[in-house]
Each structure stands twice: as C-alpha cells, then as structure tokens.
Visitor: 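Okay, here's the structure, questions in a sec.
We count residues from 1, following the sequence as given.
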Amino acid sequence: MSAWRQRAGSPFENEKRPATGSRGMVVTNHPLASAAGVEMLAAGGNAVDAAVAALFALTVVEPMMVGVLGGGFAHIRLPDGRQTILEGQGRCPAGVGPTTFTPDPAAAPGVLDAVGRLNSVGRASVATPGNLMAWCTMLSRHGSLSLADVVEPAIRHASRGFAATSYLADCVADTAADLALDPEISRVFMPGGQPLAAGTRVVNTAYADTLRQIVREGPGALYDGALGAIMADDMARHGAYLNRADLAQYRTNDLPVLRASYRGFEITGPPPPCAGPLHIGQMLKILEGFDLGAKGFGTADTVHLLAEVLKIAFADRAASTADPDFVPVPVEQLLSASYAAQRRAEIDPDRARDWSPGVLPNEGANTTHLTVADRDGRIVCATQTINSLFGARYMVPGTGMIPNNYLHVFNPRPGLANSLAPGKRVTSSMSPLIVLENGQPRFALGLPGGLRIFPSAMQAVLNLIDHRMSLQEALEAPRVWTQGYGLEIEPRVTDAVAATLQARGHAVQRVPNVGGGMCAIRFLETGEMEGAACWRADGTPIGISGGLARSGVRFLPEARRG
C-alpha cells in the first residue's frame, strides 16, 4: 500500500485538467504530438513507438524546442521493471577547444556568452547532434512498429501544415531579429518578413522531404550520408567546426540509472553528464532534515529553504559536474547523508547567504519533454532539445532542419569543469524522472527550461510528496528559482511572502514563469494512469481506455419478416 496520500482541497485554481486512461497515456507539449503518440498506441504499438512518433512530430509542431539535430536523454522503464538511460547528447566537434571562443566581458553573471555571440547563434555554435541516432536506436531496440510508421504523422504535419499556436508565434517574435538573418528559416516562420501570427498555417515541405529520406535510409542519412554531407559542407563554407568525421564518429551511450532517496521514495534519472537528477538528489537529501509539510507550501520559510538549497546545488554544479569522461564527478559525496548534514547546518533560517562549492573542483535553455506509458508497464520519460529557442537560428540549406546551439552550454573560459574540449559531451540540467515507491512507479515527470529544469522538477516532487498535491496541482503550482543572484518568483507567490523574502536578503524578481511546461504521469494502484501538463506550454495529456471487442462477439442475422 502506498504511503502517498493526496490531501484534500486545493491551494489555487488549476488552469488545465488531467486525463486518465487504463491502456496508455501520452503527455507532450503539443496536442498534435500527443495525438501522434496515441495514434501509435491505437495501432498496437507500445510506449516506445508512441514516444518516438511524438518526438518526430514535435520537431515539426514545436520546432523552436526540439529537432533531429539536437540532443537529450531518454529514461526508459521496461515491462520487467528494468530501467535504462539512452544518452544522445551533443558533443564538441573535434575542431573546438577551450580557447575557441573569447568570453564576453560584458556578459551578466552566470551567462556563458562569447564575443560576437559566436557560441550561441549561427553555425559556429553547433555541436555534433545525437537525437536522430538516439530515437532510431530506441525504436529498433524497444519498439514494435517501423520507422515509417512512427515518422508518418510528422511528415503529414510538415507537408500539409499545421496551425501555429500563440506559444510558437511568441517564440518567433522573441527571436525574429536572428531568424531574419537566415532566408531559409525566415521563409517558414517569418512570411513576408514579419513574425508569423497565431493561427497561421506553417508548412515545411523541405523538412517533409528530409523525413522521407530518413525513413528510407535510417539515421545513416545524417551520420554518413547525404544529409550529413550537406550540413558539413555548409559548415565548411562558413568557416564553422562540425565536419563529416564528427558525424561519422558519433555514438549514443547506454548509462546506468542514478538513484537517490527521499522520505521512502526512490528518485531515478540519468547520471552525469546529465546534472539534473544528481543535484535533485543532493537538494532532497538536504531538505529531508526539514518538515516542509508543516512549514506549508509557498510560505516564506519554505521558499527561503528552497532558495538556499538551490544556491548550494548550483555552486557545486559549476565546480564539479560535467562529462565524466573528462571530469571525475563526486556523485557519492553529493548524495551522501554526511555532506547533506554539513550543508544543512550551514543554512541560516532567517537570512539569505552566498554559497561556495562544498566539493572540490575537478575541472542551456529551451527544450521539450514527453512522458509516455503503456498498459504493459513501459514508461518513456524523455527530455530533448536544440538548446536555445530555434537552436542556432538557421536552417541547413534545402533540408528544413534546424541545428542546435549546444556549444553555448559550455563555459567559454578554459580550465573549468565545463570548459570546451574536443569530443566532450554537453552537461545538461535535464531531469526525466521516474519516482518509485516499494519498487513500483508512482510518478514520471520532466520539463523544458534550461537551468530551471532540475529546480522545477524537484519542486514538483516536493509538491507531490511533502505537500500531497494532486498531479495537476503539483505541475501548475508557482515555482521559484535562483542560481545565486536574483530569486525569481512566479506571479502566484504572494506579495507578503515576497516582502518577507526580500527582508531576509533575497533579491526578489517577479517573472511570468520559471521553466517550461511540465509533462507528468501518475500511476494509480488501480492500474490506471493519470496524465497532466501545466499552463507554461501547449502541453496536452491524452489517455486511452476501453479496448477491443471481447473474443467471440458476433452479429446475429435479423429475424426474417413474415
């Protein structure tokens, strides 16, 4: 019997409603992507088929967030209970090193900009992509449908078009100055030279043709085929770094699941180079020494503690968390009870403070997430990205593909844990979590949002476990965030709480939202699933119930009329 109990009543009004299903659940940040996943389940496919179909569809309908030229992590649970991580992160091209970019002296604290924005906009910012290989690998290992089956919805939406949401239109408007510099991307998203309006039909026939080529040739079309040649040759013409050898040498990785504990629950997710679950586990271990349920959700005392543990985690992350192939990451120390006790004792309950790393140095942010489950026990919790809005903000000529700008995630300064190095994997805040109790999945969740991902995911876990919220409430609840400078708070944090936090020394900043749209599934003891998405994106849960006719059902002929 689960120890988790949802408390009665709601502290605020939810904007969206959850979905329930007994045979499957798909939650993505676009209704057409969720529908693509459900289409696979309805056709007899499993959660992996549904996830891959939804991811390809998202490259069309949420192109500012995810693409085949991006990277990410897929956290997969199989019917027998085994969990595995498929890593498809971007890597530094061989021609990129610690001093490739010059740090921008005018950049704000914590910002990794280089002079001329060379590491954030344009071809020089592109890392070797992993998404296409990872999705095809996931499908071939664990799926039951063909690549042609799962890509078909994406081809349909790219060739026939789809209506732009206000969310997409706003993202285009926010990046219009950069998009206007590239004729290929502006042709699709800035018709007539102006940012597209909500409701505009978006058609990308070049990308539909690219997807058809991928169906015919598989991932080899990019990694050692014509698509990769087009991309690499375009890079060479512009003096950028990614070349054919970088693509040909790319490989995905199978990683062990990182496991942390909190009040009888097991929090599982990807290990480094994914930083999110590691630092979620670290923060939860510190917070386990406080009775957050008694302090209450959204109170000044609770938010103060959240801010302090966030600052601790970010200090340690900057010092020590990177690609473990290049930097030894102190995982055991960060998750240890003794280290948590040490840091917990240093928190002043009445005053904000600055934090230095507690571990020795060993020397991104727009994304998408989906959570999918089927009736056989498979769960796919996947976070994927091209990093910034519209990635490098251009299209590979003639292909409709938008590359990542993953090199902006690395520190352009040499000699640090997260400095650039040839072949180094991108360190990510992604947090595709599966939360277990007594070995059984209770929740699976994740979200986009760059550096705000893992703090937001942790707050959702606290909402569910300590504050006993419903799934919908846990996702929509107001969030806070800091990495040691300003303390960002969402609109529904009260003025009284904000004033108290300010008096304790926090530099409070009100923001429209912290992080992006969270997608989650709760697994009920009845065997049913509840799916939810929050107001911060176009997230849509779709559940499947019912089923096929009972065996042996027949229609009897009508009686002869006399």
Side-chain angles (χ1 to χ4, degrees), residues 15-16 27-36 54-70 120-121 153-208 211 364-370 384-395 400-405 447-450 452 476 490-491 511-519 533-542:
E15 295 190 25
K16 296 187 179 183
V27 192
T28 82
N29 272 330
H30 196 284
L32 290 177
S34 296
L55 287 167
F56 274 108
L58 285 166
T59 69
V60 178
V61 299
E62 203 187 24
M64 66 287 199
M65 298 292 184
V66 62
V68 294
L69 299 182
S120 59
V121 177
I155 295 173
R156 184 168 71 241
H157 297 314
S159 59
R160 299 180 185 177
F162 64 96
T165 65
S166 296
Y167 186 39
L168 172 56
D170 289 345
C171 291
V172 172
D174 289 345
T175 56
D178 289 331
L179 300 184
L181 301 177
D182 180 68
E184 300 252 347
I185 202 167
S186 59
R187 173 182 54 80
V188 176
F189 300 109
M190 298 186 62
Q194 298 298 315
L196 58 78
T200 303
R201 196 140 192 94
V202 182
V203 177
N204 190 348
T205 55
Y207 187 56
L211 291 173
N366 291 278
T367 311
T368 198
H369 179 89
L370 58 78
Q384 313 287 327
T385 190
I386 49 175
N387 194 39
S388 297
L389 282 177
F390 291 101
R393 297 183 181 172
Y394 79 97
M395 278 182 179
M401 298 188 297
I402 302 174
N404 68 80
N405 69 332
L447 73 154
R452 290 157 181 79
E476 298 212 357
E490 288 189 334
V511 296
N513 59 284
V514 170
M518 190 173 293
C519 299
C534 74
W535 54 267
R536 299 171 184 87
D538 295 328
T540 304
I542 304 178

Visitor: Please round to the nearest 0.5 Å and tell me the distance separating atom OG1 of Thr175 and atom CE of Met190.
Guide: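 Reported to 0.5 Å precision, the distance equals 8.0 Å.
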
Visitor: To the nearest 0.5 Å, what is the distance between CE on Met65 and NE2 on His369?
Guide: 14.0 Å

Visitor: Which atoms form the tightest heavy-atom contact between Leu211 and Phe56, and what is the distance?
Guide: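 So the two residues come closest at CD2-CD2, 4.0 Å.
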
Visitor: Using modelled atom types and a 3.5 Å cut-off, is there a donor and acceptor pairing between side-chain atoms of Asn405 and backbone atoms of Val121?
Guide: no

Visitor: Within a strict 4.5 Å, meaning less than it, do heavy atoms of the Val188 and Met395 side chains meet?
Guide: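 Yes. Closest side-chain heavy atoms under 4.5 Å.
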
Visitor: List in chain and number order the residues that pass salt bridge (charged side-chain N to carboxylate O under 4.0 Å, His left out) with Asp178, two or more places apart in sequence or in another chain; answer none if no residue qualifies.
Guide: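 Once residues adjacent in sequence are excluded, the partners of Asp178 under the salt bridge (charged side-chain N to carboxylate O under 4.0 Å, His left out) criterion are Arg117, Arg393.
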
Visitor: What residues, two or more places apart in sequence or in another chain, satisfy side-chain contact (heavy atoms from CB on, under 4.5 Å) together with Val514?
Guide: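 Checked Val514 against side-chain contact (heavy atoms from CB on, under 4.5 Å); matches are Arg452, Ser456, Arg479, Trp481, Glu488, Glu490, Val511.
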
Visitor: Looking at Glu476, is its backbone amide N or carbonyl O close enough to the side chain of Glu15 to form a donor-acceptor pair, meaning the two atoms are under 3.5 Å apart?
Guide: no

Visitor: Could you tell me the separation between the CD atom of Glu62 and the CG atom of Leu55, rounded to the nearest 0.5 Å?
Guide: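 CG of Leu55 is found 10.5 Å from CD of Glu62.
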
Visitor: Testing the basics here: between Ala176 and Pro195, what is the closest heavy-atom pair and its distance to 0.1 Å?
Guide: CB-CG, 3.8 Å

Visitor: Can you spot which of Leu58, Asn29, Val27, Val66 makes a side-chain contact (heavy atoms from CB on, under 4.5 Å) with Leu370?
Guide: Leu58

Visitor: Give the minimum heavy-atom separation between Ala177 and Leu181, together with the two atoms involved.
Guide: O-CG, 3.5 Å

Visitor: Taking only distance into account, with no hydrogens and no angle test, what donor-acceptor pairs under 3.5 Å do side-chain atoms of residues 157-164 form with protein atoms, sequence neighbours excluded?
Guide:
{"from": "Ser159", "atom 1": "OG", "to": "Ile155", "atom 2": "O", "distance (Å)": "2.8"}
{"from": "Ser159", "atom 1": "OG", "to": "Arg156", "atom 2": "O", "distance (Å)": "3.4"}

Visitor: How long is the straight-line distance from CG of Asn204 back to CD of Glu184, given to the nearest 0.5 Å?
Guide: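 Separation between the atoms: 9.5 Å.
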
Visitor: Give the minimum heavy-atom separation between Ala57 and Ala33, together with the two atoms involved.
Guide: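 In this case the closest contact between Ala57 and Ala33 is CB-CA, 4.0 Å.
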
Visitor: Does the Asp538 side chain pair with the main chain of Pro31, one donor and one acceptor, at a distance under 3.5 Å?
Guide: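 No: the side chain of Asp538 does not pair with the backbone of Pro31.
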
Visitor: Between Ser34 (side chain only) and Pro541 (backbone N and O only), is there a donor and an acceptor less than 3.5 Å apart?
Guide: no

Visitor: Distance from Leu69 atom CG to Ile402 atom CD1, nearest 0.5 Å?
Guide: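 Those atoms lie 9.0 Å apart.
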
Visitor: To the nearest 0.5 Å, tell me how far Phe390 CZ sits from Asp174 CG.
Guide: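 Rounded to the nearest 0.5 Å, the CZ-CG separation comes to 9.5 Å.
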
Visitor: Determine, stepwise, if the pair Asp182 / Phe189 fulfils side-chain contact (heavy atoms from CB on, under 4.5 Å).
Guide: CA-CA 11 Å; Asp182 180 68; Phe189 300 109; over 6 Å; no

Visitor: Check the pair Thr385 / Asn404 against side-chain contact (heavy atoms from CB on, under 4.5 Å), numbers first and verdict last.
Guide: CA-CA 8 Å; Thr385 190; Asn404 68 80; over 6 Å; no

Visitor: Thr205 and Val203: which non-hydrogen atoms are nearest, and at how many Å?
Guide: CG2-CG1, 3.6 Å

Visitor: Quick one, Val172 and Leu179 - any side-chain contact, counting heavy atoms below 4.5 Å?
Guide: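 Yes, close enough: below the 4.5 Å cut-off.
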
Visitor: Assess the residue pair Met64 and Tyr167 against the criterion (side-chain contact (heavy atoms from CB on, under 4.5 Å)); give the C-alpha distance rounded to whole Å, side-chain angles, the decisive distance to 0.1 Å, and a yes or no.
Guide: CA-CA 10 Å; Met64 66 287 199; Tyr167 186 39; 4.0 Å; yes

Visitor: Provide the closest heavy-atom pair for Cys534 versus Gly516 in the form atom of the first, atom of the second, distance.
Guide: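 Smallest heavy-atom distance, with atoms named: SG-O, 4.1 Å.
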
